[in-house]
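Structure, as structure tokens:
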Amino acid sequence: MSDIPGTFHLLAVDGNARAGLLHTAHGPIETPIFMPVGTAGSVKAIAPDDLEAIGAQIILGNTYHLYLRPGDDLVARRGGLHEFNAWRRPILTDSGGFQVFSLEGLRRITEDGVEFRSHLDGSKHFFSPEKVISIQRNLNSDIMMQLDQCIGFGASHDEARKAAELSARWARRCREAYPAGTAGNLLFGIVQGEAFPDLREMSARALMDIGFEGYAIGGLAVGEPKHIMLRCLRQLHPILPGNKPRYLMGVGTPLDILHGIEEGVDMFDCVLPTRNARNGTLYTSRGKINIKRKEFAEDDGPLDPECACYTCRTFSRAYLRHLYVSGEILSFRLNSLHNLTYFLNMVKGARKAILEGRYAEYKARYEAMYPEEDPLFDEPEA
RNA sequence: GGUGGGGUUCCCGAGUGGCCAAAGGGAACAGACUGUAAAUCUGUCGUCGCAAGACUACGGUGGUUCAAAUCCACCCCCCACCA
């Protein structure tokens, strides 16, 4: 099998769920995959050796944040992000497209790009599609994302169309700034179009005309009802090319991810395991728990009896509660270690299940753990 | 012994006649978090009640007043400085 960066081997299919292998300049990643988020070049509270120990294969970095601080040129002089942060496995960088959404009020969009005011010091910066490629090449990320305009749920069809069309034009400029095969970095396009099927299809086809090493689905999990995401994934499944990886950006909860896998998505990233860990919400084989709750004050049992991570092997719920309530730094590390292990293991188990042709059964076990998060719950008349 | 300052709801602390069950912070107890402006944010926080409302509360006792955490008298504590 070829291991040229960008090569995607589809190893098994179970329903629409896929198990594959994606080659990058820093080694292969097994899909489906969950990618921990390390916005500022660090998965918060977790060192690279821990990430490796819990089975992380690829992490995220963020163009906007690393450009502002310490500066992508500085990172380039250090030999790229992998040398700088000592994570030698694959890295995917987001383009700043999400900040177009999350920093609304601090940015202005034009045809040529986005003008940001830094959230750090208020200074003005301009991101064009070409600039974003240049930054990501300085970072030397294995998977670069096009600049896109991510919008929240509730936009009109007209607004959503404009954003999707602009994103498609930016996609072409990103591709032209970095033609396929220029170097070992891969470039992914991002499907936009909000909750509108016609726009989603238009967006996907525009990207396919341009041609990318992978296709991301953006603009989901931004406040829309759960069934909309599912509908969108089902719609896109037969449209997107079968031989390229698909990445559902920013998703999500355990069940969101398992539904995504079921609909043919290969890659996921989300801040949920790390942010929730820092805020005390922990994922267990019996569902979510908030470790700060009084009921755990004298609970000598492990966080999750079915988890083999360092946190669960070593500490009691009572101690973890104490660390959280006391604001101890160790709380962030132990909780993050556990939540990441949970997400990583869940997706690893999904891959195994697909390879063995029993994905539906595997997913059903998780659905039983999170009855309140059924994506069909808010679906209108089926 | 003298002079000055002070005792407020679990804690700190604002409040000098009604708009006070009483600012603000903390603690406590819950909840949220989806391509990280997040070690963040939100709610509750005297008792009873679904509520309207009732009751109990600002060191103690008594008083002034239609009305007192706020004014007066005495008493009990605490702090600073002086002797």
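Every heavy atom of this structure was used, including side-chain atoms; hydrogens, water molecules and symmetry mates were not. Proteins get letters first, then strands, A, B, ... in listed order; numbering begins at 1 in each.
Between A:Glu115 and A:Arg107, no side-chain nitrogen of the basic residue sits less than 4.0 Å from a carboxylate oxygen of the acidic one, so the salt-bridge criterion is not met. Note on A:Glu213 versus A:Lys244: no salt bridge recorded, every NZ/NE/NH1/NH2 to OD/OE distance being 4.0 Å or above.
Within a heavy-atom distance below 4.0 Å of RNA chain B, the residues of residues 128-151 of chain A found are A:Asp148, A:Cys150.
Using atom P as the reference point in both B:C41 and B:G25, the two lie 12 Å apart (nearest Å). When the P atom is compared between B:G62 and B:C45, the two are found 33 Å apart, to the nearest whole Å. For B:C79 and B:G46, the C1' atoms lie 29 Å apart once the distance is rounded to whole Å. One P atom belongs to B:G7, the other to B:G15, and the distance between them is 10 Å to the nearest Å. Spacing of P atoms, B:C75 relative to B:C20, comes out at 35 Å, to the nearest Å. Comparing B:A30 with B:C81, their P atoms sit 46 Å apart, to the nearest whole Å. Straight-line distance between the C1' atoms of B:U64 and B:C71: roughly 8 Å, to the nearest whole Å. Distance noted for atom P between B:G1 and B:A14: 30 Å (whole Å).
Remark: P of B:A27 and CZ of A:Arg321 are 13 Å apart, rounded to the nearest angstrom. Taking atom CG on A:Asn276 and atom P on B:G31, their separation rounds to 13 Å, with Å as the unit. Between the P atom of B:A27 and the NZ atom of A:Lys294 lies a distance of 15 Å, rounded to the nearest Å. One atom, CZ of A:Phe268, and another, P of B:G35, lie 13 Å apart when rounded to the nearest Å. Taking atom CD1 of residue A:Ile190 and atom P of nucleotide B:G35, one finds them 13 Å apart after rounding to whole Å. One atom, CZ of A:Phe296, and another, C1' of B:A30, lie 13 Å apart when rounded to the nearest Å. Here the P atom of nucleotide B:A30 and the NZ atom of A:Lys288 are 16 Å apart, to the nearest Å. We find that OH of A:Tyr247 is positioned 11 Å from C1' of B:U34, with the value rounded to whole Å.
With A:Arg278 contributing its side chain and A:Phe332 its backbone, the two residues share no donor-acceptor pair below 3.5 Å.
Remark: B:G17 base-pairs with no nucleotide in the shown strands. Criterion, Watson-Crick or G-U wobble with two distances under 3.5 Å. Checking B:G24 for Watson-Crick or G-U wobble geometry (two distances, each under 3.5 Å) identifies B:C12 as its partner. Base pairing analysis places B:C81 opposite B:G2; the two distances defining the Watson-Crick or G-U wobble pair are each below 3.5 Å. As the counterpart of B:A54, B:U47 is assigned, both hydrogen-bonding distances of the Watson-Crick or G-U wobble pattern falling under 3.5 Å.
Within a 6.0 Å sphere centred on CD1 of A:Ile4, heavy atoms belonging to other residues, nucleotides or ligands number 12 at most.
Between A:Phe34 and A:Phe343, the ring planes are tilted. Angles from 30° to 60° get that label.
Aromatic ring centroids of A:Tyr64 and A:Tyr67 lie 6.0 Å or more apart. Between A:His119 and A:His65, a ring centre-to-centre spacing shorter than 6.0 Å is recorded. A:Phe116 and A:Phe127 have their aromatic ring centers within a separation under 6.0 angstrom.
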Practice problem: Produce a footprint string for nucleotides 36-42 of chain B: one letter per nucleotide, 5' end first; B if the base is under 4.0 Å from any protein heavy atom, S if only the sugar-phosphate is, - if neither. | Solution: BBBBB--
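The one candidate from A:Arg234, A:Arg18, A:Arg231 that meets the salt bridge (Lys or Arg N to Asp or Glu O under 4.0 Å) condition with A:Glu263 is A:Arg234.
Across all strands shown, A:Gln192 has heavy atoms under 4.0 Å from base atoms, whether or not it also approaches the sugar-phosphate. A:Val100 comes within contact range of no nucleotide atom at all, as no heavy-atom separation falls under 4.0 Å.
Considering CD1 of A:Ile291 and CG of A:Asn279, their distance stands at 14.0 Å, rounded to 0.5 Å. In this structure, the separation between CE on A:Met145 and CG on A:Leu60 is 9.0 Å, given to the nearest 0.5 Å.
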